[in-house]
Colleague: 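Questions regarding the structure given below will be posed in turn.
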Number of protein chains: 2
Amino acid sequence: MQRDPPTGKITIVDIARAAGVSIKTVSRVINQEEGVGDETRARVLEIVTTMGYRPNVSARSLSSRRSYLIGVIFMRVGAYHYVGEVQVGAMRACRRAGYHLVVEQVLPPEAVGGVQGFAEGLRDARFDGVVLTPPTCDDPEVLAAVETAGLPYVRIAPHREFERSPYVFMDDRKAAREQTLRLWNMGHRRIAFIDGPADHGSATRRRQGYIEALRDRGVEPRPEWIAKGEFLSLSGFDATERLLALPERPTAIFAANDEMAVGALAAAAKHGLSVPRDLSVVGFDDTPTAEAAWPRLTTVHQPTAEMAEAAVEMLIDGFGDERLRARVAARQLDYSLVQRDSAAPPLA
Amino acid sequence: MQRDPPTGKITIVDIARAAGVSIKTVSRVINQEEGVGDETRARVLEIVTTMGYRPNVSARSLSSRRSYLIGVIFMRVGAYHYVGEVQVGAMRACRRAGYHLVVEQVLPPEAVGGVQGFAEGLRDARFDGVVLTPPTCDDPEVLAAVETAGLPYVRIAPHREFERSPYVFMDDRKAAREQTLRLWNMGHRRIAFIDGPADHGSATRRRQGYIEALRDRGVEPRPEWIAKGEFLSLSGFDATERLLALPERPTAIFAANDEMAVGALAAAAKHGLSVPRDLSVVGFDDTPTAEAAWPRLTTVHQPTAEMAEAAVEMLIDGFGDERLRARVAARQLDYSLVQRDSAAPPLA
DNA sequence: CTGAAAGCGCTTACAG
DNA sequence: CTGAAAGCGCTTACAG
């Protein structure tokens, strides 16, 4: 056998010639289609391996109108641990199926381009499908752009219009309810909540769970117990300062995410309060920060990577199906409570 | 003018027909090539806009052998704030030049696939070029895989073999030296250092800067003042516990990154030490964590997004040039010291 | 079970 | 300044 140039210029024609078959047969083998004799298939496969043949994806895309590219859309790429987890999970699913992951960002409306630029980007990015993350997955303009581009999409943890597309989710509300009840059952009666941004559905659902738990116990949560936050650590710090300034201090603080909980820890330190002795603090998400905080943060584990992985799977599985968007599909993943060191019964 | 189907099936042929020119002329206009009359160019451009034409990237790739895809390679995608920043910067440069960003992960050697799987992935990912981040950018196997694939690449903050490829960097050593001297000038004489992982060149360079600063002042740093860390917050916590157990406690701790500095803060809190009164703690990187910590962390700003942006720019600029890799190119970006609240003169 | 033909939508190389 | 032809490397649709 002649040595081929090392630059990987081996094409389907070379394989066909070496195997003594037509390129169509090679194509069938490559794509694991039926209708090839076992012997032929084995022979072609061996030649493919020895010659190190990899199909040219552009050619494949051009004729099949598939790109083997999945886009994952974020609002902010720089800020959250969340982004990394989503990418890890999505890449796992992509890799299994021979797809690659392209990261896209919807710039905020005030930025040059904004949703408009995003929509244009979608058109020449030739995705086979996209995964939408919160809060982008609830943005009407973004949804419109994706649908106009005719792209199949799956949403992660959407907050509205559940029939509009397949999605992956976990029960934030129920988890937050359990988290709150855990504090209640420890003996806490003045439990405060640090809320997230209004455009994040998860923040809303978690707040609902918190309120629901208190009402279940016959307590109407006071408005001043719910402090505004922005999912960022600094906002948790500020919110906690406000909560600690209340005439009747809460004995426990439930932050809608771990970042804010860490901010709450810092505020407690500033005020000379020992956690969990003087104040219990719990978070939500179970990011590495939660494990690294001191004291280690009691929180709720959100299976972020797994949710992204499931989303990509649903997307890819649906490619064969014309009616992907019609088939209202949803996959629910489980959370779990993570007991660590930042919550304890109140002193008095 | 007839209304075209909304699915974006407009091709170069449609434009050519509508403009009364050949597809070659349209191609010239699209690609901003010379040799088109001003009037013709304007007319084509207008038709392109009104018809909403976007070139099919697969077709373009197939004939031009360009993919307009840039890969960015990480070791871990889930763990660091760093990853997000790199992506933000890289996407900025990609967007400007009409490229898209694909995220790839080199799995650790023990994982299924490992570098082998990575190399295969490279081959059918059809990147025009890749950006290598630390510590992957110093991994001989990864470098070999990229070079074997014949891919142009730019490294961010490499630690070795600087002639091997273009790269972007900042002077970690000098920054760490300044950071250490800042503590010295406050009056600190027992300054400890929390080191990063051995495979991260930046950790080594920062340690060198620390040692150099002390030697400049006539002090030979004691071995026990340099504590091993892993760039993760928990390791900073543990390292600090060891440092605080020393017979002669350090009065200041310089952590090789912010995450570990935050861990140091937590350890100080655990031991009832008030920062910066009883102990000064400084970090490196200027991540959001540094701003959110309490007290807010004095650190060094590393322009991570800008470095990634510059790397992608160098890559794209070099595509025209056959001798990209021969042209030893390097771009240095500036750090800056960020003074916040976690460092102060020692008590005694 | 297998293949010959046409075509996907561009760019390259060449010609004028 | 402009264009006709060939070709990139596959898959689709059809035939046998």
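Atoms considered below: every heavy atom in the structure, side chains included; atoms not considered: hydrogens, waters and symmetry mates. So that the names make sense, note that chain A is the first sequence line, chain B the second, and so on, each numbered from 1.
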Colleague: To the nearest Å, give me how far apart CD1 (A:I12) and C1' (D:dC8) are.
Modeller: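 Between C1' of D:dC8 and CD1 of A:I12: 14 Å.
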Colleague: Which nucleotide wins on minimum distance to the side chain of A:S27, given the candidates C:dT12, D:dT11, C:dG3?
Modeller: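 Nearest to the side-chain atoms of A:S27, counting from C-beta on, is D:dT11.
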Colleague: Please confirm whether the shortest side-chain N or O distance from B:S22 to OP1 or OP2 of D:dA4 is below 4.0 Å.
Modeller: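 The answer is no; no side-chain N or O of B:S22 sits under 4.0 Å from OP1 or OP2.
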Colleague: What is the distance from CZ of A:R41 to P of C:dC1, rounded to the nearest Å?
Modeller: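 It is 9 Å, rounded to the nearest whole Å.
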Colleague: Between the main-chain N or O of B:S67 and the side-chain N or O of B:D128, is there a donor-acceptor pair closer than 3.5 Å?
Modeller: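 Side chain of B:D128 to backbone of B:S67: a pair is present.
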Colleague: Is any side-chain nitrogen or oxygen of A:T25 closer than 4.0 Å to OP1 or OP2 of C:dG3?
Modeller: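 Yes, such a contact exists.
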Colleague: Check the distance between D:dC1's P and B:E34's CD and give it to me in whole angstrom.
Modeller: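 Interatomic distance, CD of B:E34 to P of D:dC1: 9 Å.
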Colleague: For D:dT2, does OP1 or OP2 lie under 4.0 Å from any side-chain N or O of B:T40?
Modeller: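 For B:T40, the contact criterion (side-chain N or O under 4.0 Å from OP1 or OP2 of D:dT2) is met.
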Colleague: Would you say A:S63 places a side-chain N or O within less than 4.0 Å of OP1 or OP2 belonging to D:dT11?
Modeller: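 It does not, given that no N or O in the side chain of A:S63 lies less than 4.0 Å from OP1 or OP2 of D:dT11.
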Colleague: Looking at B:E309 and B:R96, is there a salt bridge between them, counting it only when a charged N and a carboxylate O are closer than 4.0 Å?
Modeller: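 So B:R96 pairs with B:E309 through a salt bridge.
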Colleague: Name the closest nucleotide to the A:K24 side chain, picking from D:dG3, C:dC10, D:dT12.
Modeller: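 The listed nucleotide nearest to A:K24's side chain is D:dT12.
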Colleague: Look at the rings of A:Y167 and A:F162 and say which category their plane angle falls in: under 30° parallel, 30 to 60° tilted, over 60° perpendicular.
Modeller: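 A:Y167 and A:F162: tilted rings.
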Colleague: Is any side-chain nitrogen or oxygen of A:Y68 closer than 4.0 Å to OP1 or OP2 of D:dT11?
Modeller: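 False: A:Y68 side-chain N/O out of range (4.0 Å or more) of D:dT11 OP1/OP2.
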Colleague: For B:N56 and C:dC10, give me the distance from atom CG to atom P, rounded to whole Å.
Modeller: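 Atom CG in B:N56 sits about 6 Å away from atom P in C:dC10.
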Colleague: Determine the contact category for A:S58: base if any of its heavy atoms lies under 4.0 Å from a base atom, sugar-phosphate if only primed atoms, P, OP1 or OP2 are that close, otherwise nothing.
Modeller: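 No contact.
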Colleague: Taking CD1 from A:I23 and C1' from D:dC10, how many angstroms apart are they, rounded to a whole number?
Modeller: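 Interatomic distance, CD1 of A:I23 to C1' of D:dC10: 7 Å.
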Colleague: Given atom CG of A:N31 and atom C1' of D:dC10, what is their separation to the nearest angstrom?
Modeller: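 Interatomic distance, CG of A:N31 to C1' of D:dC10: 9 Å.
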Colleague: Map B:A59 and A:V21 onto DNA chain C by nearest heavy atom, then report which one ends up closer to the 5' terminus.
Modeller: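 Looking at DNA chain C, the more 5' nearest nucleotide goes with A:V21.
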Colleague: So, applying side chain to side chain contact (heavy atoms under 4.5 Å, CB included) with B:I73, which one of B:T133, B:V131, B:V130, B:V146 is it?
Modeller: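 Of all the options given, the one that passes is B:V130.
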Colleague: How far apart are the closest heavy atoms of A:A305 and A:R92, and which atoms are they?
Modeller: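 Nearest pair, atom of A:A305 first, then A:R92: CB-NH2, 3.9 Å.
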Colleague: The side chain of B:S64 is closest to which nucleotide in this list: C:dT12, C:dC8, C:dC10?
Modeller: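 The answer is C:dT12, which lies nearest to the side chain.
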Colleague: Look at all strands and tell whether B:G37 reaches a base, only sugar-phosphate, or nothing, counting heavy atoms closer than 4.0 Å.
Modeller: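 Sugar-phosphate: the residue B:G37, judged by heavy atoms under 4.0 Å, touches backbone atoms but no base.
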Colleague: With both distances under 3.5 Å as the test, what is the Watson-Crick or G-U wobble partner of C:dA15?
Modeller: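 Across all strands, the one nucleotide that pairs with C:dA15 is D:dT2.
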Colleague: Given that A:L62 and B:G35 both sit by DNA chain D, which one's nearest nucleotide is further toward the 5' end?
Modeller: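 Comparing both residues, the 5'-ward one is B:G35.
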Colleague: May I ask you to verify whether the side chain of B:R65 and the base of D:dG9 hold a donor-acceptor pair under 3.5 Å?
Modeller: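 Under the 3.5 Å cut-off, the side chain and the base do not form any donor-acceptor pair.
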Colleague: To the nearest Å, how far apart are B:R60 CZ and C:dT11 C1'?
Modeller: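 The answer, rounded to whole Å, is 9 Å.
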Colleague: Could you tell me how far apart B:R54 (CZ) and C:dC10 (C1') are, to the nearest whole angstrom?
Modeller: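 Computing the B:R54:CZ to C:dC10:C1' distance gives 15 Å.
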Colleague: Under the 3.5 angstrom rule, does the side chain of B:R43 hit a backbone N or O of B:A19 as a donor-acceptor pair?
Modeller: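 Yes.
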